[in-house]
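In what follows, a single structure is set out as structure tokens and then discussed.
One-based numbering, in listed order, for ligands and for the atoms of each.
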Amino acid sequence: LATAATALALSVTATAGFAACDDGEMVIKFSHVTNTDKHPKGIAAQLFADRVNEEMDGKVCVEVYPNSTLYNDDQVLEAMLQGDVQMAAPSLSKFETFTKIYRIFDLPFMFKNMDAVEEFQNSDAGEAMKQVMVRRGLLGLEFWHNGLKQISANKPLINPEDAAGLKFRVQPSDVLVAQMEALNASPQPMAFSEVYGALQTGVVDGQQNTWSNIYGQKFFEVQDGVTETNHGLLDYMVVTSVDWWEGLDADIRDQLATILEEVTVERNAAIGQVDADNRQAVLDAGGVIRELTEEQRQAWVDMMKPVWAQFEADVGAENIALAQEINA
Ligand code: LMR
């Protein structure tokens with residue numbers, strides 16, 4: 001067992017690519033599920049680690065574990081409450097068992113673009129959403145952007161009717177399940193790390209995700225093409241455990257919070273470019289992208305938007321109103 005554990009530790013270290021922490025440094029494990037190269041979360045997590053490891057050298061050391069090498073998103077929050085990992089940045093769809101208010105971010109066509117998302121998250125209502133899981137032991141530190149989602153399948157999707165009867169992988173979110181049901185499709189909740197294989201073997205027919213995930217996980221290789229719907233949001237909450245965070249020395253906590261905030265501002269401002277680069281990378285790698293006419297896109301809006309009513313009580317009518325005011 002000891003040998004196996006050592007081998008695992010060595011291989012994790014090799015894939016994670018971090019410098020060994022020094023004796024006496026407090027180690028912060030940051031676990032996430034995406035790739036690192038070109039990916040908004042991969043880049044932001046590494047920048048945070050690099051800055052902490054330089055500016056807080058000798059005191060604090062961040063180890064980033066990407067690509068689900070440490071935990072899947074369905075395990076990481078429980079591990080955090082156990083004290084086995086200190087930071088993570090799951091998508092806002094992954095907090096279903098802790099809060100229902102983040103469902104606002106999954107509602108289809110809620111935000112017209114990433115500027116609107118940014119403004120909503122920076123509003124008082126958005127700020128307050130970082131605190132909603134505190135009584136359950138989790139503290140939201142910062143929202144990180146990924147981007148708007150596109151949809152793909154093993155056949156062309158132009159009209160929403162084209163999705164009927166197909167199986168789509170979704171993140172474990174009731175909103176995303178309802179959204180697929182509104183298309184008369186069959187939603188299949190599944191861990192991110194399993195999606196490529198499921199698409200390849202036909203366990204599911206399609207998926208929805210952002211350009212960086214479609215490129216980073218190579219979903220386009222095992223799909224007929226990707227339809228540019230921009231129909232929903234995939235963003236993240238950088239999260240920690242209340243107990244661990246409150247237990248830090250105040251000066252350490254303040255410095256970590258400042259670095260994290262600066263990284264957030266810098267990387268969230270770069271999201272448009274990162275998203276465009278990943279879209280282009282799909283094309284450069286031979287992927288097919290289907291653009292919709294205004295009319296075609298409106299047909300997707302008409303099919304999906306009715307799910308808002310089902311979740312209004314969870315997310316608050318006032319929050320929907322605020323998002324729409326920002327869009328206007
Ligand atoms: C997904 O499961 O599709 C995403 O939440 C993965 C991620 O972290 O971007």
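Side-chain atoms of T36 and Q46 form no donor-acceptor pair, as typed in the model, at a separation below 3.5 Å. In this model, a donor atom of one side chain and an acceptor atom of the other lie less than 3.5 Å apart for Y196 and E221.
Every atom of ligand 1 is numbered from 1 in the order shown, and the set under 4.0 Å from a heavy atom of L234 is 4 (C), 9 (O). Proximity to K41 (heavy-atom distance under 4.0 Å) selects the following atoms of ligand 1: 7 (C), 8 (O). Near V33, the atoms of ligand 1 lying under 4.0 angstrom from a non-hydrogen atom of the residue are 6 (C), 7 (C), 8 (O). Of all atoms in ligand 1, numbered sequentially from 1 with element shown, those under 4.0 Å from a heavy atom of T34 are 7 (C), 8 (O), 9 (O). The atoms of ligand 1 that sit less than 4.0 Å from any heavy atom of S91 are 5 (O).
A salt bridge does not link K112 to E119: none of the charged nitrogens lies less than 4.0 Å from a carboxylate oxygen. Under 4.0 Å is where a charged nitrogen must lie from a carboxylate oxygen, and between D277 and K38 no such pair does.
At the shortest separation from atom 5 (O) of ligand 1 among protein heavy atoms lies Q171 OE1, 2.7 Å. In this structure, the protein non-hydrogen atom closest to atom 7 (C) of ligand 1 is Y236 OH, 3.4 Å.
At a 4.0 Å cut-off, at least one heavy atom of K94 sits close enough to ligand 1 to count as contact.
Note: F95 and Y102 have perpendicular aromatic rings, judged against thresholds of 30 and 60 degrees for the angle between ring planes.
Here the OG1 atom belonging to T97 is positioned 10.0 Å from the CG atom belonging to D74, to the nearest 0.5 angstrom.
Using a 4.0 Å cut-off between heavy atoms, N209 contacts ligand 1 through its side chain alone, with no backbone atom that close. With a 4.0 Å heavy-atom cut-off, ligand 1 is reached by no atom of V195.
At least one N or O atom of R169 sits closer than 3.5 Å to an N or O atom of ligand 1.
Distance alone, capped at 3.5 Å, places no donor-acceptor pair between the Q188 side chain and the F168 backbone.
Linking ILVMFWY side-chain heavy atoms closer than 4.5 Å, directly or via other members, places I259 and V265 in two distinct hydrophobic clusters.
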